[in-house]
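No experiment lies behind these values; they were computed from the predicted model shown.
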Amino acid sequence: MANIETLRPLVKEIGDLQMQADGYALWLVWNGQPNPVVLQTLEEYGGIPVAEQEGQALWFFFSTEALLAAARLGVWARFNTLALLMEIFPARLQTGRTGGKNLIFDENLWRQQLPPPHDFRIVVHASLGPVVEASPGLSLNPAESPEGMDRALWPALEIDARLPYQSPLSWLVMLRPVGNVQDKNFMIGWREFFSQVEAVLQRNKIRFSVHDLFLMFPLESLRQLKTWCREFLLLVERLKQENPEAYWPCVTAVVDRKGLNINEDLPQKSGVEWDYLNPDYPHMSLRNASMLGDGFVSHEVRFARSRQDPEDWVSVSLREEDETAAGSLAQLIPVNLVHGAHPHCFYCGQHSHQHADCPSHSLKEVDAGVWRRVAQLDIEVMRQAVRRIDSELAAEAATSDDEAARRDRIAAMLREEGDSATMLAAFYAGNWVCQLRSINLFWRGHGKDFGSFAKDLAPMDGNPIWTQLDELLGANDPGLDKNLENIAHRFPRDFRFTSLRGFAAVQRGDLEKAELFWKDAEVFSPSPIIQAWHAFLQARSLECRGRLLQAGVLYDQVLRMVPSWHDAAYRKAVCLIKGGFSETALNLLVTQINRNGHLFNRALVDPELERGNIQVSSCLYRLWAGMEARTRDEEQQLQRMSEELATWFVPGHAFAVQLSERIRNLTPLASVKNFVAFQRIARGRAQLEKDMQGFVMQEGREYKNRFKSFVSRLKTIHDESAWFPFPNALVEFNKSYNEGVANLNWALKSNFHTPEAFRKAQVLVDQESARIDKLEGRLKFLRIVRDSTLFVLSVAECFFWIELVGTILIFAVLPLILLYGDKIGLDLAASLIAKERWQVQKALLVVVTILAVGIAGLRTLMRFETIRDKILAKARDSAVQKSKGRTRKKR
């Protein structure tokens with residue numbers, strides 16, 4: 001028994017709708033194995049498989065191809081055995097942007113149960129009677145219906161076997177190369193690529209026509225469409241990788257053949273907007289893309305879509321080759337804000353208004369922090385905010401078609417606070433350099449560096465140009481340009497008048513005239529940045545006029561004048577994407593995003609990247625996925641660093657406290673699903689690692705130098721204390737000294753690039769510093785004792801020898817005077833000495849003693865340092881000799 005209710009779990013409700021379409025559902029019930037002919041026929045007629053289970057399946061058709069496919073199978077079943085029941089009824093198909101299909105129909109139909117069929121039957125819901133009657137060769141017969149079904153509700157389909165019932169599906173394909181026809185590389189590249197495409201067409205026996213660089217050919221069946229799309233996409237991929245010289249970017253459009261023929265007017269009659277198609281990927285309606293099957297992936301044209309209409313245009317790629325199949329980023333484009341029939345707005349890039357009506361005019365000051373606020377938002381929050389913006393503007397459009405009311409509503413939303421206001425401000429922040437609110441900043445700013453140019457603004461002077469600027473900002477005055485021309489004669493070299501006339505020309509829609517004004521203003525600009533600004537405005541004008549090659553050259557000129565101005569590099573990438581050279585632009589875009597992560601969010605909300613939607617989305621997703629995976633690793637690395645701080649540093653270390661605080665500030669960013677947050681974590685963690693390694697290396701070198709100085713000081717202490725005359729008093733001193741020597745020996749031999757050694761060095765450097773200070777303090781006392789002892793001994797030695805010599809002279813000279821005094825004329829002295837001999841000797845001994853003390857003290861005082869150094873050197877040499885002797889004995 002086949003129960004359709006068992007298929008219900010396979011048909012899930014779609015949250016983020018990509019398409020919903022009314023059509024016809026087929027409930028197939030078979031006996032045994034499904035016949036391949038049935039499935040193949042349903043596919044050829046545009047059927048979409050929705051759910052399948054053993055013995056039954058659900059298919060969907062957009063139109064009456066369901067009846068034609070059933071009729072074709074009915075004719076085939078007359079000559080072949082086929083146990084199959086086909087039930088056709090109205091239904092609605094819903095598809096999601098991330099995959100999945102949902103089929104909605106009458107709830108009562110979900111309660112059907114049928115036994116396995118034994119023959120071929122087709123039943124049609126009675127509500128489809130008018131559709132069947134309008135189909136040639138088909139009719140309904142209430143007399144026949146499967147067992148268990150109401151004949152009135154489910155009449156049988158009667159088929160006239162004489163009719164062919166061919167599928168009406170057919171398409172026309174148009175392929176056009178992108179680029180400048182006058183470029184030499186264009187002709188060479190297109191000729192090479194055309195030869196490759198021609199080989200594919202000839203292999204599939206497809207007739208083609210070429211007119212005005214348009215390659216046009218028909219596709220007569222869905223099978224042909226699938227084959228062409230697959231082979232073309234594989235050809236492009238192969239040439240890009242293996243033979244880039246034979247590749248040239250081309251845009252491809254596939255349109256229904258209804259009422260169209262291949263001729264020179266086909267590109268215009270088809271209504272295709274060629275300047276917005278994405279190169280390398282076939283573009284077609286969402287309905288046609290859905291019929292290609294699961295082997296292909298459809299990508300929405302960036303914002304040019306209505307409310308999930310099957311006729312919306314999409315581009316298709318191969319699922320196995322599609323890099324975004326594993327996931328995709330949110331499309332942060334509110335259709336009701338940016339979509340419209342106007343060309344790109346000079347000020348914001350949107351299509352919804354003329355230049356003079358841009359909502360950015362309501363923004364009076366440059367908001368330097370808008371991208372920082374966007375960077376704090378989770379991407380899901382960003383998506384919800386964009387949806388709220390879209391829904392509010394849709395509600396506004398439903399109540400009124402007044403453009404002024406719409407601008408006022410946008411201005412009011414910009415003045416609000418919250419996520420929606422932040423995202424809305426971001427849509428106008430990308431091109432702030434070209435907007436009216438930038439004029440005041442560039443006129444008053446000064447300096448050579450763009451980063452600091454606007455930080456210090458000069459005061460406004462009394463020039464009447466400020467009044468004219470207020471008039472431009474206040475309203476679109478048609479006489480403003482004439483007033484400026486009259487006043488400018490009084491200030492012939494003031495660039496501001498010419499500059500403002502350029503903006504007035506933009507307000508009138510005359511971009512070519514504005515470009516000429518800005519070119520003149522560039523000549524009289526007083527600084528390189530103001531010159532670069534006017535060159536930037538000229539490039540933007542060329543870009544909006546479609547002269548993308550010249551715009552790219554001017555953006556390069558801006559970069560040469562101000563290399564740090566990343567907006568110019570970004571706009572050059574946008575020009576390449578608009579021109580169809582998305583692959584070339586991606587390298588430049590990735591380079592700029594790596595330098596400034598805010599450009600990632602800017603690319604997500606930029607409506608001017610529509611033409612490179614697939615390539616840009618794939619590129620951004622790769623960057624996102626890589627950075628998100630890296631963030632998970634960086635989060636673990638931050639945790640590791642936080643835990644390792646205790647192994648590297650002692651508690652309370654100033655650098656460790658600072659590092660810990662920086663880690664705590666980075667960690668919460670891991671929970672914010674935003675590319676800028678991911679990038680900040682990656683760069684912040686790398687910088688933390690770099691700072692820590694640099695600090696460890698620098699501190700390690702300083703520790704080595706300090707330990708070397710400790711060795712020198714300790715050696716001095718050793719030399720000074722080694723010859724202390726009282727060794728027993730040095731027991732504690734020597735113990736502390738030996739501990740210090742052991743620690744310093746370890747420090748000089750160790751490598752401080754390991755946590756244990758570095759942390760121990762932190763402790764030892766303070767410990768040994770305190771130890772040596774203490775030893776040097778005690779050494780002062782020891783030095784006093786030592787020097788005092790040496791001084792006393794030196795004085796005693798000198799006194800002894802003087803006293804000895806003096807005593808000898810006294811006792812030797814007096815007898816000689818007594819003996820020879822008469823002969824040498826000292827008879828008086830001799831007689832006096834003879835009478836008081838002992839008294840004279842005593843007096844002389846006292847005099848000699850006094851002289852000995854004085855001379856010894858004076859001599860020692862004058863030569864003490866020499867004597868001390870000589871004694872210490874002699875003792876040191878003696879110790880060295882003894883040490884060498886002990887070493888020889890050990891050997």
Side-chain angles (χ1 to χ4, degrees), residues 7-21 23-28 30 33-54 56-63 65-66 69 91-104 167 169 171 219 221-237 252 254 278 280-301 308 310-328 613-614 617-618 621:
L7 294 174
R8 198 162 194 169
L10 304 178
V11 181
K12 299 181 179 179
E13 184 176 353
I14 304 299
D16 191 9
L17 282 179
Q18 182 186 38
M19 176 192 68
Q20 59 180 358
Y24 306 100
L26 265 68
W27 181 33
L28 306 178
W30 57 80
Q33 297 295 325
N35 195 311
V37 175
V38 175
L39 303 181
Q40 181 178 349
T41 302
L42 295 179
E43 288 183 354
E44 289 178 355
Y45 280 72
I48 300 175
V50 179
E52 183 176 345
Q53 203 178 53
E54 184 177 357
Q56 60 178 335
L58 273 173
W59 283 63
F60 177 83
F61 285 81
F62 287 98
S63 61
E65 283 85 1
R92 172 174 291 181
L93 176 70
Q94 292 181 338
T95 61
R97 292 186 177 87
T98 57
K101 301 179 183 69
N102 183 29
L103 206 56
I104 302 174
S167 171
L169 298 176
W171 298 269
L219 296 175
S221 67
L222 184 59
R223 180 180 300 179
Q224 252 191 345
L225 177 61
K226 290 182 180 179
T227 301
W228 155 253
C229 291
R230 179 175 295 277
E231 293 199 15
F232 177 74
L233 289 168
L234 290 176
L235 172 67
V236 170
E237 188 68 24
T252 306
V254 181
N278 197 332
D280 304 339
Y281 297 93
H283 288 70
M284 61 188 70
S285 67
L286 186 53
R287 174 176 56 83
N288 290 329
S290 301
M291 291 189 291
L292 292 177
D294 293 335
F296 294 84
V297 179
S298 62
H299 307 271
E300 294 176 357
V301 176
Q308 298 89 36
E311 298 305 320
D312 284 343
W313 276 70
V314 296
S315 56
V316 296
S317 62
L318 294 175
R319 182 171 296 277
E320 58 266 26
E321 300 294 335
D322 184 64
E323 299 182 8
T324 64
S328 61
N613 181 29
I614 298 178
S617 296
S618 299
Y621 180 74

Set of residues satisfying side chain to side chain contact (heavy atoms under 4.5 Å, CB included) with respect to R223, sequence neighbours excluded:
Q40, E44, S221, T227
What pair of heavy atoms forms the shortest contact from L17 to Q94, and how long is it?
CD2-CB, 3.7 Å
side-chain hydrogen bond (donor to acceptor under 3.5 Å, both in side chains) partners of E43, counting only residues at least two apart:
none
What pairs with Y45 under side-chain hydrogen bond (donor to acceptor under 3.5 Å, both in side chains), at least two apart in sequence or on another chain?
R72
Are I614 and D280 close enough, and set up right, to give a side-chain contact (heavy atoms from CB on, under 4.5 Å), and what steps lead you there?
CA-CA 10 Å; I614 298 178; D280 304 339; over 6 Å; no
Interatomic distance, CG@L286 vs OG1@T95, rounded to 0.5 Å, equals 5.5 Å
From F296 atom CZ to R319 atom CZ, the distance as rounded to the nearest 0.5 Å:
11.0 Å
Using the side chain to side chain contact (heavy atoms under 4.5 Å, CB included) criterion, which residues pair with L10? Sequence neighbours excluded.
L7, A51
Closest heavy-atom pair and its distance - M284, V316:
CE-CG2, 4.0 Å
Output the distance between atom CD (Q20) and atom CG (L93), rounded to the nearest 0.5 Å.
9.5 Å
When every non-hydrogen atom of V50 is compared with those of K101, the smallest separation belongs to CG1-CB, 4.2 Å
Where do F60 and A91 come nearest, in terms of heavy atoms and distance?
CE1-O, 3.8 Å
Heavy-atom pair with the smallest gap, counting every atom of N278 and N613:
ND2-N, 3.2 Å
How many angstroms lie between atom OG of S617 and atom NE2 of H299, to the nearest 0.5 angstrom?
8.5 Å
Straight-line distance of W59 CH2 to I48 CD1, nearest 0.5 Å:
9.5 Å
Taking the side chain as every heavy atom from C-beta outward, state whether L169 and M291 have any pair of such atoms under 4.5 Å apart.
yes
To the nearest 0.5 Å, tell me how far R92 CZ sits from Y24 OH.
13.5 Å
Please determine whether side-chain contact (heavy atoms from CB on, under 4.5 Å) holds for the pair M19 and S298, giving the CA-CA distance in whole Å, both sets of side-chain angles, and the decisive distance to 0.1 Å.
CA-CA 11 Å; M19 176 192 68; S298 62; over 6 Å; no
Which residues pass the side-chain hydrogen bond (donor to acceptor under 3.5 Å, both in side chains) test with E231, not counting sequence neighbours?
R203, N204
For residues T41 and A69, report the shortest heavy-atom separation together with the two atoms involved.
CG2-O, 4.2 Å
With N35, which residues qualify under side-chain hydrogen bond (donor to acceptor under 3.5 Å, both in side chains), at least two apart?
none
